[in-house]
Protein chains: 2
Amino acid sequence: MNPTIKDVAKYANVSIATVSRIVNGLPGYTEDTKKKVQEAIEALGYQPNAIARGLINKRTQTIGVLFPEVSGMLSSEVLEGVENAAHDGGFSVIVCNTTSSGKRTVKYLRLLQEKRVDGIIFASENVKEEYYKIFQEMQVPVVLVSTASQFNLPFVRVDDYEGAFRATEYLIQKGHKQIGMIGGSFEDPIAGVPRMKGFQDALEKHGLDFTDQQMTSNEGYRFQNGKESLPLLLDKLPLMTAVFAASDEMAIGAMAAAHQLGIRVPEELSIIGYDNLKIAEMCYPALTTVSQPLKEMGQSAGEILVKLIKGKEKEAESRYMPFTIVERQSVRDLRKK
Amino acid sequence: MNPTIKDVAKYANVSIATVSRIVNGLPGYTEDTKKKVQEAIEALGYQPNAIARGLINKRTQTIGVLFPEVSGMLSSEVLEGVENAAHDGGFSVIVCNTTSSGKRTVKYLRLLQEKRVDGIIFASENVKEEYYKIFQEMQVPVVLVSTASQFNLPFVRVDDYEGAFRATEYLIQKGHKQIGMIGGSFEDPIAGVPRMKGFQDALEKHGLDFTDQQMTSNEGYRFQNGKESLPLLLDKLPLMTAVFAASDEMAIGAMAAAHQLGIRVPEELSIIGYDNLKIAEMCYPALTTVSQPLKEMGQSAGEILVKLIKGKEKEAESRYMPFTIVERQSVRDLRKK
DNA sequence: ATGAAAGCGCTAACAT
DNA sequence: ATGTTAGCGCTTTCAT
């Protein structure tokens, strides 16, 4: 077995209280005993037991992070940010893959409760009433990433409406007039509705008519959704010169469909995405897209959570992160030449 | 505060021992008291404290997973598999992002030791002597994913030599004779050397000369590495008709370089990758590649670890996972017209 | 069938 | 400056 504080105390001929003080950097001992104890620790290879500590301190120095899909490219970048911030703040992170299932989410929440995590980061999904109740029960701080909620929970995200609005304006500024959108779900209050609304409003602001003929809606935001959507859109809007896709995966799916149909991007069809995943710069042509600073968002959420846990903050600050449009090769400027 | 076992006992008018028995499904009580206690639990919303349990049971039901880069596309798929297996086995997983730094790795290992995790999964990196010593100290099972080691540690991985050999043969069977390779590092005993050796041996087996002119080596396996490697290779091997890249990211980087140089893939240049990341089917043209079953590997490693922890297995079984070559559009068959 | 009590490894209040 | 002791919430003998 691992040596305990008792063993160290015995070895160094002091009481366990003294060892504890030295280990925790509290005052109350001579340099001499300190050295003795440190030697004992060294000799025995003593490691304080975080479990015992947690029991008494009511602090586990651990947070839980819930993702609908941990292997998603979006999640994995956010996770890296969270992990980084947590680690810097002295916390470990337990990952939970909810697979967007309510049951699994509740199960995980209960688990995190039993494990007495000090805080929770909830990502990319809607906060159901049921979850919120558990949050309250748990009495630990919660911060949302890439989501908002009807409840009073701090969040870190970008303004989806604004991002979509600007993406659309970008296309318009490049001279496009027949613009289609590959949208998400009308049920989705985060990545779905706001992005579609932003698209529509930008069009109208610039005097371009909007009819629902120029938009498809999708259950998910995957490659396949985008790939299937493009032909549909082309059908309804044959003169379309540009597409705004509500996610990079969909944008790249649309690109694949275009390739298949023999439509050249960006010469014949411009495409702009949303997210700025790593793949955006790897595909051909490199994708112009609305960049969400995913890692920074995770980092930021982690930092806020840590502050909240340490009680430095009383009320939670939410943060809107800045998005940018990163220009690559998938959009053609119609005004030139 | 959360109610404790004491509260439940008081509420139900029994001793804490009885509550404990009921909660843990041990024998020794009447149906009647069981009901009473369950009602108390329900009424109070009691959740057993996993920390207290861990202290006494010496089991935390938690495992640690170390990745060089959690946001890597490779890691994230493996992680999903691990998390899945762990969860099924009743374990939570703590993720650690080592950033390939030895110091950070050691720090994390110490942390996991303090947190008394029940087991460790170590991914995609070389096991240094220093790490191995800590493993031994910790006295917990360890399983390697996508790595092997000089030590007697169970691993789950595919045979890199074999995979590279087959990829090269595939190219040869398609009629290619001038084949280049974008390789990894000679310092890397996993993804580096074996894949390069496999390439070389396949060439020689089929009577094609091998000179180091037809290979580049790289520090990393990223998009940029591949992108920079292709022109170098083309320089040395102007008649090259096919490239084998030691990773999908590099393959896609090579593709990007080819596009830039006006070389058409696969018409003028065939490319085969290694990994089968999600991007492989999203890029254009879709990438033919050696598929590693990443999620399954993670899952498998998780399962082995759980078995080891539960003591069902005495000695660790290592597993070579089967790879397959998934044919998409990036390789041209030279034999057909 | 049930309860009392010891103790897991630690911290913190209270002596000395 | 150092030690003694009472828990933290639980499991597990050992009695009854």
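Numbered from 1 within each chain, the chains take letters A, B, ... in sequence-line order. Computation of the quantities below employed the complete heavy-atom set of this structure, encompassing side-chain atoms and omitting hydrogens, waters and symmetry-equivalent molecules.
- Atom CD1 of A/Ile56 and atom C1' of D/dC8 are 6 Å apart (whole Å).
- Between the C1' atom of D/dG3 and the NZ atom of A/Lys10 lies a distance of 16 Å, rounded to the nearest Å.
- Between A/Lys6 and A/Val23, the residue anchored closer to the 5' end of DNA chain C is A/Lys6, taking for each the nucleotide with the nearest heavy atom.
- Not one side-chain nitrogen or oxygen of A/Ser15 sits closer than 4.0 Å to the OP1 or OP2 atom of D/dT2.
- The NZ atom of B/Lys36 sits 8 Å away from the P atom of C/dG3 (whole-angstrom rounding).
- The B/Met1 side chain lies nearest to D/dG9 when the options are D/dG9, C/dG9, C/dG3.
- Of the N and O atoms on the side chains of B/Tyr131 and B/Asn126, not one donor lies less than 3.5 Å from an acceptor on the other residue.
- Residue B/Lys34 is the one, among B/Lys34 and A/Ile16, whose nearest nucleotide of DNA chain C lies closer to the 5' end (criterion: closest heavy atom).
- Residue A/Thr18 is in sugar-phosphate contact alone, with no base atom involved, counting any heavy-atom pair closer than 4.0 Å across all strands shown.
- If you take CG of A/Leu55 and C1' of D/dC8, they are 4 Å apart, rounded to a whole angstrom.
- A/Pro27 comes within 4.0 angstrom of nothing in the nucleic acid, heavy atoms only.
- Using modelled atom types and a 3.5 Å distance limit, the side chains of B/Lys278 and A/Ser71 yield a donor-acceptor pair.
- For B/Asn49, no side-chain nitrogen or oxygen approaches OP1 or OP2 of D/dC8 to under 4.0 Å.
- Whole-Å rounding puts the A/Arg21 CZ to D/dT5 P distance at 14 Å.
- A distance of 6.0 Å or more separates the ring centres of A/Phe135 and A/Phe151.
- Side-chain contact check for B/Lys35 and B/Thr30: no donor-acceptor pair (N or O, by modelled atom type) lies under 3.5 Å.
- Here the nucleotide nearest the side chain of A/Thr33, chosen from C/dC10, D/dT2, C/dT11, is D/dT2.
- The phosphate of C/dG9 (OP1 or OP2) has a side-chain N or O of B/Lys58 nearer than 4.0 angstrom.
- Ion pairing between a basic and an acidic side chain is recognised when a charged N comes within 4.0 Å of a carboxylate O; A/Glu80 and A/Lys295 show such pairing.
- Atom-to-atom, CD1 of A/Ile5 to P of D/dG3 comes out at 12 Å; the value is rounded to the nearest Å.
- A close approach under 4.0 Å does not occur between any side-chain nitrogen or oxygen of A/Thr4 and OP1 or OP2 of C/dC8.
- Between B/Arg110 and B/Glu137 a salt bridge is recorded (basic side-chain N to carboxylate O distance below 4.0 Å).
- Side-chain contact annotation: A/Gln299 with A/Asn84, donor-acceptor N/O pair under 3.5 Å present.
- A/Asp32 places its CG atom 13 Å from the P atom of D/dA1, with the value rounded to the nearest Å.
- For B/Thr98 and B/Arg104, the side-chain atoms include no donor-acceptor pair closer than 3.5 Å.
- Fit an axis to the five pairs at each end of the helix from C/dA1-D/dT16 to C/dT16-D/dA1 and the two axes sit 40° apart, to the nearest 10 degrees.
- Between A/Arg53 atom CZ and D/dG9 atom C1' there is a gap of 19 Å when expressed in whole angstrom units.
- In the set D/dC10, C/dC10, D/dA1, the nucleotide with an atom closest to the side chain of A/Thr30 is D/dA1.
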